Q: 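Can you read through this structure? Questions will come right after.
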Amino acid sequence: MSEEKLPARAENFSEWYNQVVQRAELADYAPVRGCMVVRPYGWSLWENIQAALDRRFKATGHVNAAFPLFIPMSFLEKEKEHVEGFSPELAVVTIGGGEKLEEPLVVRPTSETIIGYMYSKWIKSYRDLPVLINQWGNVVRWEMRTRLFLRTLEFYWQEGHTAHATEKEAEEETLRMLNIYTRFAVDDAAVPVIPGRKSNTEKFAGAVRSYTIEAMMGDTRALQAGTSHNLGQNFAQAFDIRYLDVNNQLQYCWTTSWGLSTRFIGAIIMTHGDDQGLVLPPRLAPIQIVIVPIYRNDAEKAQVMPVVERISRELTESNFRVKVDDRTEVTPGFKFNDWEMRGVPLRLEIGPKDVQNNSVMSARRDQPGKEGKKSLSQDQLPGQIAELLTDIQASLFDRALAFRDAHIFDPHDYEELKEIVQNGWAFSWWCGSDECEAKVKEDTKATTRCIPLDQPGGKGTCIVCGKPAEEKVYFARAY
RNA sequence: CGGGGCGUGGCUCAGUCCGGUUAGAGUGCACGGUUUGGGACCGUGAGGUCGGCGGUUCAAAUCCGCCCGCCCCGACCA
């Protein structure tokens, strides 16, 4: 840790974010512009995210596989919208082994095309369906402006790709996976999200319909935290993914794709972080409990350390992720600040007084300072800790939800909308036209984030043009 | 790619306008000692082709030219 204080979030959110990422040792800048190195602590967080999602994918019948990093350029060109959407941000390999390649290879920006090609080989009959495959991997998109985790040239993610016999099944799958993302965000990451449908201009290049979970960050800007796409028959037609149905009729498949990336780490940082640094939800935190031994001399150390070791072992055996900070070269006060910067949900201090009193001092990360401190008995510690962690997890969610709801407004007119999106989200009736959407973007930089699945019902008039509108949409400035 | 800013020990920066001893500070790092329940202190030490190349000059971190890189604001996006 270098400088002592972080910039206040309220003063300079963007600089606060950059420093938290680096000082918590989640990631660092790579020597290539726009690329990041995910450091062990950040990767460990990602592994926990992976495990939480993968468990949910497996529970709904999905299996993992791995497809190549390189995709023939011609594949991208087979789906018109897809190539138009992605060509500006492709990295292309033209030389291999010192020879110019006959056909350039694209470093995958996403894998619909190469997986579509394989699916056309594998799927012959309705008996082969559905195909439910997920891939954990990395992709490359040549972005102009980059931020650690939020937008880098290369990022890690999972992409699910499924093929179905009917349109209905594909739509069900698309919404099922959107719901899994929602459950993951809410239950595992304590990040409140709004599941909804993307507007035409915001949808995935090549999709019929795109769905998203949108989250509000600590500066009120919106972050698209995961997406699920109903691809219709667009890729099935482009890659000839067909099957024989029960009547021996040749039919095109209906496909979907869905993805969630390391960007979600950015969502966690910007949802829960405070002026002391990172705050991690207990269910995903690489370290859930850090134990700081307190002693002034060798005699006290000899008393304290056995208790520290015993409690550490006891908690580890109860399946908590525990770290003992036994560094001798820094003071306890330094360690407190250090682990707060890294967002560890719960700290236990164990000193001579605790050895005397059969106690430990606990400190909750979500309540910095004295309010978060409480002396616990050493008896039945795992049960007490479990309760505390559950409570921290819940209070992180509640706090984020309260913050979000306090920054969503329903403007009475367009002028009011323009003000709202400067520091919040506007939830408004919208006629659905590209023109009205574009006007808001031009006037305010805010875009439509999603048309939430949960609609108030009834009808209204478009906040921009005043024409009849059937759905309400969120407008917000986004990452 | 357009507009703005910046490149000096690992990091943050002073010094550059007005050229002139051996290029500084804070922090970090190493070693020794005293400390340790909210970012300890003292001492010693290591660490620099001043982004690169060229020019002007007796003399360049400092002046001039070209190049490279990074950051911020726009256009593009998970």
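Computed from a predicted structure; not experimentally measured. Protein chains get the first letters and strands the later ones, always in sequence-line order, with residue 1 at the start of each.
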Q: Check the distance between B:C77's P and A:Leu148's CG and give it to me in whole angstrom.
A: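 It is 22 Å, rounded to the nearest whole Å.
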Q: Under the 6.0 Å and 45° cation-pi test, does A:Arg342 pair with A:Tyr41?
A: yes
Q: From the options B:G37, B:C76, B:G38, select the nucleotide whose nearest atom is closest to the side chain of A:Arg347.
A: B:G38
Q: Expressed as a whole number of Å, how far does the P atom of B:G51 sit from that of B:U16?
A: 15 Å
Q: The side chain of A:Asn337 lies closest to which of these nucleotides: B:G38, B:C77, B:G74?
A: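 Ranking B:G38, B:C77, B:G74 by closest atom to the A:Asn337 side chain puts B:G38 first.
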Q: Nearest to the side chain of A:Glu89, which nucleotide is it out of B:C77, B:G38, B:U36?
A: B:C77
Q: Using both distances under 3.5 Å as the test, list the Watson-Crick or G-U wobble partner of B:U27, or none.
A: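 Checking every strand shown, B:U27 finds its partner in B:G10, with both distances under 3.5 Å.
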Q: Name the nucleic acid region contacted by A:Ser261, choosing base, sugar-phosphate or nothing; use a 4.0 angstrom heavy-atom cut-off, strictly under.
A: base
Q: Nearest of B:C72, B:G74, B:G37 to any side-chain atom of A:Asn18?
A: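 In terms of side-chain proximity for A:Asn18, the closest of B:C72, B:G74, B:G37 is B:C72.
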Q: Under 4.0 angstrom, heavy atoms only, what part of the nucleic acid is A:Tyr479 near: base, sugar-phosphate, or nothing?
A: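 A:Tyr479: no heavy atom of the nucleic acid under 4.0 Å.
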Q: Just to be sure I understand the rule, does A:Thr152 reach a base, reach only the sugar-phosphate, or reach nothing, if contact means heavy atoms closer than 4.0 Å?
A: base
Q: Just one of A:His82, A:Arg108, A:Glu79 clears the side chain to side chain contact (heavy atoms under 4.5 Å, CB included) bar with A:Thr113, so which one?
A: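 Result: among A:His82, A:Arg108, A:Glu79, A:His82 is the only option passing the side chain to side chain contact (heavy atoms under 4.5 Å, CB included) with A:Thr113.
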Q: With a 3.5 Å limit on both atom pairs, tell me what B:U49 is paired to, counting Watson-Crick and G-U wobble, or say none.
A: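 With both distances under 3.5 Å required, B:U49 matches none.
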Q: Would one find a side-chain N or O of A:Lys301 under 4.0 angstrom from OP1 or OP2 of B:U36?
A: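 Answer is no, no contact under 4.0 Å.
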Q: What is the base-pairing partner of B:C63, counting Watson-Crick and G-U wobble geometry with both distances under 3.5 Å?
A: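 When the pairing criteria are applied, B:G55 turns out to be the nucleotide that pairs with B:C63.
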Q: Considering only atom C1', compute the distance from B:G69 to B:A25 and round it to an integer number of Å.
A: 26 Å
Q: Can you tell which of A:Phe86, A:Phe235, A:Tyr117 makes a ring-ring contact (aromatic ring centres under 6.0 Å, His included) with A:Phe75?
A: A:Tyr117
Q: Kindly indicate whether the side chain of A:Tyr479, heavy atoms from C-beta on, has any atom under 4.5 Å from the side chain of A:Met270.
A: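 Heavy-atom side-chain distance check passes, below 4.5 Å.
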Q: Under 4.0 angstrom, heavy atoms only, what part of the nucleic acid is A:Leu260 near: base, sugar-phosphate, or nothing?
A: nothing
Q: Taking only side-chain N and O atoms of A:Thr331, does any of them lie within less than 4.0 angstrom of OP1 or OP2 on B:A40?
A: yes
Q: Between A:Tyr474 and A:Trp425, how do the two ring planes meet: parallel, tilted or perpendicular, split at 30° and 60°?
A: perpendicular
Q: Between A:Val355 and A:Arg141, which is nearer to the 5' end of RNA chain B once each is assigned its nearest nucleotide?
A: A:Val355
Q: What nucleic acid atoms does A:Glu349 come within less than 4.0 Å of, heavy atoms only: base, sugar-phosphate, or nothing?
A: base
Q: Is atom CD of A:Gln380 surrounded by more than 12 heavy atoms (other residues, nucleotides or ligands) closer than 6.0 Å?
A: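 It does not: A:Gln380 CD has 12 such atoms or fewer within range.
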Q: What is the nucleic acid contact for A:Asp354, judged by heavy atoms within less than 4.0 Å: base, sugar-phosphate only, or nothing?
A: base
Q: Contact class for A:Lys335 vs. all strands (heavy atom < 4.0 Å): base, sugar-phosphate, or nothing?
A: nothing
Q: What nucleic acid atoms does A:Glu300 come within less than 4.0 Å of, heavy atoms only: base, sugar-phosphate, or nothing?
A: nothing
Q: Name the residue closer to the 5' end of RNA chain B, choosing between A:Glu340 and A:Arg151 according to the nucleotide with the nearest heavy atom.
A: A:Glu340
Q: In Watson-Crick or G-U wobble terms, both distances under 3.5 Å, what is the partner of B:U21?
A: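 Partner of B:U21: none.
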Q: Using purine N1 to pyrimidine N3 plus N6-O4 or O6-N4 for Watson-Crick, or N1-O2 and O6-N3 for G-U wobble, each under 3.5 Å, what pairs with B:G32?
A: B:C42
Q: Provide the Watson-Crick or G-U wobble partner of B:C76, both distances under 3.5 Å; none if there is no partner.
A: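 In the structure as shown, B:C76 has no Watson-Crick or wobble partner.
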